[in-house]
Enquirer: 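Could you have a look at this structure, given as structure tokens, before my questions?
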Amino acid sequence: MRVLVPVKRVVDYNVKIRVKPDQSGVDTGNVKMSMNPFDEIANEEAIRLKEKGIASEIVAVSLGESRCQETLRTALAMGADRAILVETTIELQPLAVAKLLAAVVAREQPGLVLMGKQAIDDDSNQTAQMLAGLLGWPQATFASRIDIADGKATVAREVDEGIERIVVRLPAVVSVDLRLNEPRYASLPNIMKAKKKPLDVLTPEALGVDPAPRLRYVRVGEPPKRKAGVKLASVQELVARLKGEAGVI
Amino acid sequence: MTVLVLAQHDNRTIDKATLHTVGAAARLPGPVHVLVAGADCDPAAQAAARLSGVERVLRVEHPAYADPLAEDLAALLVAVAEGYDHLLAPATTFGKNVLPRAAALLDVAMVSDVVEILGPATFKRYIYAGNALATVESLDPRRLLTIRTTSFPVAGEGGAAEIATVAAVEPAGLASFLGREVAKRERPELTSARVVVSGGRGMGSGENFKILDELADLLGAAVGASRAAVDAGFVPNEYQVGQTGKIVAPELYVAIGISGAIQHLAGMKDSKVIVAINKDEEAPIFQVADYGLVGDLFKLVPELTAELRRARG
Ligand SMILES: Cc1cc2nc3c(=O)[nH]c(=O)nc-3n(C[C@H](O)[C@H](O)[C@H](O)COP(=O)(O)OP(=O)(O)OC[C@H]3O[C@@H](n4cnc5c(N)ncnc54)[C@H](O)[C@@H]3O)c2cc1C
Ligand SMILES: Nc1ncnc2c1ncn2[C@@H]1O[C@H](COP(=O)(O)O)[C@@H](O)[C@H]1O
């Protein structure tokens with residue numbers, strides 16, 4: 001079974017981002033970029049499926065600027081077999097990403113798409129569900145455990161109430177949550193080997209998809225700021241303040 | 001213009017998150033309809049009909065909707081979408097699972113986690129773990145939104161909507177529901193509690209959360225946690241507060257043994273009053289806390305519990 005793993009290049013989760021003074025967006029110049037943490041988890045899961053003999057080939061896909069190749073090389077160094085870049089300088093939003101991925105799926109015919117539940121830049125949590133809808137495939141979102149057998153995936157999902165378990169028929173789209181696994185680091189020899197793995201470049205035109213954004217980011221501003229308060233010397237003082245000026249107990 | 005709200009419910013009652021979503025729907029022009037899809041869901045449909053501001057309830061019965069799957073609810077939304085300009089769902093794991101799938105089927109670029117409605121097509125939402133607040137305009141003829149429940153008031157009672165019965169869409173049978181492990185809840189629900197007491201890695205173990213339980217019981221609080229505490233197995237996943245967990249905005253949030261990473265702050269910084277207890281006076285949590293206590297939580301938390309008990313008399 002072929003597994004497709006979409007990986008997004010995002011501002012590293014440790015970076016404290018800055019809003020541009022003209023409120024046109026977030027300053028991404030000169031900041032550290034990394035693979036979206038959830039996508040690392042998805043890629044790790046795909047690699048484990050291959051190690052178990054369930055997956056035969058792992059194809060990592062990234063959509064965006066030419067620099068997404070770095071993210072793809074990271075996926076290859078972790079253990080993906082080959083990579084596809086869908087190259088465009090147009091700002092990609094989840095619906096466009098889902099349409100482009102659907103076109104890649106049509107070419108590659110994977111039995112499973114494993115992807116992140118959420119990109120930590122736009123925080124949309126949409127693409128996997130949209131892709132499944134476009135393909136008419138079942139979806140299993142927010143996975144914290146995946147067992148594959150007999151053409152089906154049994155998935156434990158992290159939901160607000162606790163854990164939910166569902167079975168989906170393959171092919172399917174699965175989006176992963178934080179507790180699925182701990183991604184490995186790429187070793188130096190594997191980083192070297194990854195440089196020689198195949199990386200194809202496609203375009204939205206070649207895939208026949210119009211990726212134009214349908215949401216307009218009118219303004220990107222600072223969130224309301226909280227002021228640091230006071231450090232108190234004792235629990236007595238805290239209780240007095242909470243009862244008195246704060247009036248919350 | 002008409003708004004349709006996808007209700008989250010247990011066939012008897014309407015989930016609190018849906019009440020907030022109906023509250024958000026009131027900010028949009030046009031009447032509000034509520035879709036209640038369930039199995040023997042008449043009580044839930046009746047409850048939805050009593051919500052103020054609701055004009056019509058669409059009740060859809062099917063045994064498969066007892067534990068509905070995203071595939072089936074998205075197909076149902078597409079079937080009823082005609083005539084609706086806005087489709088809303090709460091930004092819970094339920095709404096987040098269903099609405100994007102329906103959006104793709106309707107060819108709509110949806111807006112997640114809306115915190116403010118500025119007009120029929122213009123909304124505010126946080127990006128980058130709450131570090132930027134974006135104003136987004138939807139260019140599609142129809143708008144699909146998930147609603148951040150802490151940002152909108154609940155709809156009250158006093159409505160008398162008509163209930164219309166609508167046909168179900170036969171399930172495609174691509175997926176099936178196996179079960180749900182739901183922790184028994186002795187305390188208020190995290191996202192709607194008036195007070196939340198959360199523990200982090202500093203708690204050291206699941207056993208140690210007992211001292212938070214005592215404090216929480218005294219305050220009538222829900223207990224939450226940081227990702228580190230959940231990853232370490234101290235508490236289950238549904239306790240996680242943050243960018244990728246639950247969003248809370250209680251009157252009082254007490255962060256104990258939590259450093260205050262941006263991903264955690266994203267889930268709680270709209271709380272009215274924040275208290276932090278941490279032994280590291282440099283911990284970033286103190287930059288957002290109204291009141292801080294610097295010291296060992298294993299000493300301070302029992303002291304705080306005792307002092308609250310004494311203050312109660
Ligand atoms: C993609 C992604 C998503 C994430 N999503 C979330 C999320 O939704 N929610 C979330 O919380 N995190 C999330 N995180 C993790 C986040 O970055 C932090 O790692 C996490 O919040 C740290 O948890 P913590 O504060 O409990 O642990 P730490 O950062 O280790 O802090 C522990 C604190 O406890 C204090 N302490 C220790 N012992 C004591 C004691 N005896 N008395 C008093 N204080 C003590 C220490 O001084 C320290 O400040 C996410 C990370 C990533 C990459
Ligand atoms: N530009 C992209 N390239 C590759 N994968 C993407 C891209 N955008 C989104 N994804 C995938 O979709 C998931 C969810 O993203 P989102 O819906 O934007 O929160 C991510 O974790 C990725 O797996």
Enquirer: For atom CD of Gln109(A), is the number of surrounding heavy atoms from other residues, nucleotides or ligands below 6.0 Å larger than 12?
Expert: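 More than 12 within 6.0 Å, yes.
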Enquirer: Output the option from Ala104(B), Ala306(B), Pro100(B) having the highest count of non-hydrogen pairs under 4.5 Å with chain A.
Expert: Pro100(B)
Enquirer: Please round to the nearest 0.5 Å and tell me the distance separating atom CG of Leu238(A) and atom OH of Tyr291(B).
Expert: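 With rounding to 0.5 Å, CG (Leu238(A)) is 8.5 Å from OH (Tyr291(B)).
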Enquirer: In Å and rounded to the nearest 0.5 Å, what is the CD to OG distance from Gln118(A) to Ser112(B)?
Expert: 8.5 Å
Enquirer: Using side-chain heavy atoms (C-beta onward) and a distance below 4.5 Å, is Asp160(A) in contact with Phe94(B)?
Expert: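 Contact flag for Asp160(A)/Phe94(B) side chains = no.
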Enquirer: I'd like to verify something: which residue of Val248(A), Val10(A), Val168(A) has the highest number of heavy-atom pairs under 4.5 Å with chain B?
Expert: Val248(A)
Enquirer: Under 4.5 Å from any heavy atom of chain B, what part of Val15(A) do you find: side chain, backbone, both or neither?
Expert: backbone
Enquirer: Could you tell me which portion of Tyr13(A) (side chain, backbone, both or neither) has an atom closer than 4.5 angstrom to a non-hydrogen atom of chain B?
Expert: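 The answer is both parts of Tyr13(A).
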Enquirer: Would you say Arg219(A) has more than 12 foreign heavy atoms packed within less than 6.0 Å of its CZ?
Expert: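 Incorrect, the count does not exceed 12.
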Enquirer: Between Arg214(A), Lys16(A), Glu237(A), Glu164(A), which shows the greatest number of heavy-atom pairs under 4.5 Å with chain B?
Expert: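 Counting heavy-atom pairs under 4.5 Å, the top option is Arg214(A).
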Enquirer: Is it the backbone or the side chain of Pro223(A) that comes under 4.5 Å from a heavy atom of chain B, or both, or neither?
Expert: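 It is both, since atoms from each part get that close.
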Enquirer: Should the heavy atoms of other residues, nucleotides or ligands under 6.0 Å from CG of Asp150(A) be counted, would the total exceed 12?
Expert: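 Open.
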Enquirer: Are Gln243(B) and Ile120(A) side-chain neighbours, meaning at least one heavy-atom pair lies under 4.5 Å?
Expert: yes
Enquirer: With chain A as the partner, which of Glu189(B), Glu281(B), Gln240(B) has the greatest number of non-hydrogen pairs under 4.5 Å?
Expert: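 Answer, by heavy-atom pair count under 4.5 Å with chain A: Gln240(B).
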Enquirer: Where on Ala246(A) is there a heavy atom nearer than 4.5 Å to chain B: the side chain, the backbone, both, or neither?
Expert: both
Enquirer: Is it the side chain or the backbone of Gln236(A) that comes within 4.5 Å of chain B heavy atoms, both, or neither?
Expert: both
Enquirer: Against chain B, work out which of Val220(A), Val235(A), Thr141(A) has the most heavy-atom pairs shorter than 4.5 Å and name it.
Expert: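 Most heavy-atom pairs within the cutoff with chain B belong to Val235(A).
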Enquirer: Look at atom CZ of Arg145(A) and say whether more than 12 heavy atoms of other residues, nucleotides or ligands are closer to it than 6.0 Å.
Expert: no
Enquirer: Please determine, among Asp113(B), Val230(B), Val195(B), the option with the most heavy-atom pairs under 4.5 Å with chain A.
Expert: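 Looking at each of Asp113(B), Val230(B), Val195(B) in turn, Val230(B) comes out on top.
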Enquirer: Does Lys225(A) NZ have over 12 foreign heavy atoms under 6.0 Å away?
Expert: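 Yes.
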Enquirer: How many angstroms lie between NZ in Lys96(B) and NZ in Lys117(A), if you round to the nearest 0.5 Å?
Expert: 6.0 Å
Enquirer: Which atoms of Leu95(A) come close to chain B, meaning under 4.5 Å heavy atom to heavy atom: side chain ones, backbone ones, both, or neither?
Expert: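 The answer is the side chain of Leu95(A).
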Enquirer: Are more than 12 heavy atoms, taken from residues, nucleotides or ligands other than Arg107(A), located less than 6.0 Å from that residue's CZ atom?
Expert: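 It does not: Arg107(A) CZ has 12 such atoms or fewer within range.
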Enquirer: Pick from Val111(B), Asn97(B), Thr92(B): which one has the most heavy-atom pairs with chain A under 4.5 Å?
Expert: Asn97(B)
Enquirer: Given a strict heavy-atom distance threshold of 4.5 Å, which part of Lys243(A) is in contact with chain B: side chain, backbone, both, or neither?
Expert: side chain
Enquirer: Heavy atoms only, distances under 4.5 angstrom: which of Ile274(B), Ile277(B), Ile262(B) has the most pairs with chain A? Name it, please.
Expert: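 Winner by heavy-atom pair count: Ile274(B).
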Enquirer: Given the options Leu105(B), Asp270(B), Asp231(B), which has more heavy-atom pairs under 4.5 Å with chain A than any of the others?
Expert: Asp231(B)
Enquirer: For Val159(A), which atoms come within 4.5 Å of any heavy atom of chain B: side chain, backbone, both, or neither?
Expert: both
Enquirer: Are Lys99(A) and Asp107(B) ion-paired here, with the side-chain N under 4.0 Å from a carboxylate O?
Expert: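 Yes, charged N to carboxylate O under 4.0 Å.
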Enquirer: OG1/Thr93(B) to CZ/Phe142(A) distance, rounded to the nearest 0.5 angstrom?
Expert: 6.5 Å
Enquirer: Out of Asp121(A), Asn14(A), Val26(A), Leu232(A), which one racks up the most heavy-atom pairs below 4.5 Å with chain B?
Expert: Asp121(A)
Enquirer: Considering only heavy atoms and a distance below 4.5 Å, find which of Arg169(A), Arg216(A), Arg157(A) pairs most often with chain B.
Expert: Arg216(A)
Enquirer: Non-hydrogen contacts under 4.5 angstrom with chain B: give the residues of residues 123-133 of chain A involved, or none if there are none.
Expert: Asp123(A), Ser124(A), Asn125(A), Gln126(A), Gln129(A), Met130(A), Ala132(A), Gly133(A)
Enquirer: How many angstroms lie between CD1 in Ile249(A) and CD in Glu251(B), if you round to the nearest 0.5 Å?
Expert: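 Here the rounded value is 12.0 Å.
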Enquirer: Using heavy-atom distances under 4.5 Å, tell me whether Val167(A) contacts chain B through its side chain, its backbone, both, or neither.
Expert: both
Enquirer: If you draw the axis of the six-membered ring of Phe286(B), does the NZ or CZ of Lys231(A) fall within 45° of it and under 6.0 Å from the ring centre?
Expert: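 Yes, Lys231(A) lies over the aromatic ring of Phe286(B).
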Enquirer: So, taking the atom named CG in Leu178(A) and the one named CD in Gln263(B), what distance separates them when rounded to the nearest 0.5 Å?
Expert: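 That separation rounds to 9.5 Å.
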Enquirer: Run the salt-bridge test on Asp290(B) and Arg226(A) with the 4.0 Å N-O cut-off and return the result as yes or no.
Expert: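 Counted as a salt bridge, because a side-chain N and a carboxylate O are separated by less than 4.0 Å.
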Enquirer: Counting heavy-atom pairs closer than 4.5 Å to chain B, which one of Gln93(A), Gln139(A), Glu161(A) comes out on top?
Expert: Gln139(A)
Enquirer: Do you know the tightest heavy-atom contact between Leu139(B) and Pro213(A)?
Expert: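 That would be CD1-O, 4.3 Å.
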Enquirer: Give, as side chain, backbone, both or neither, the part of Val230(A) having an atom under 4.5 angstrom from any heavy atom of chain B.
Expert: both
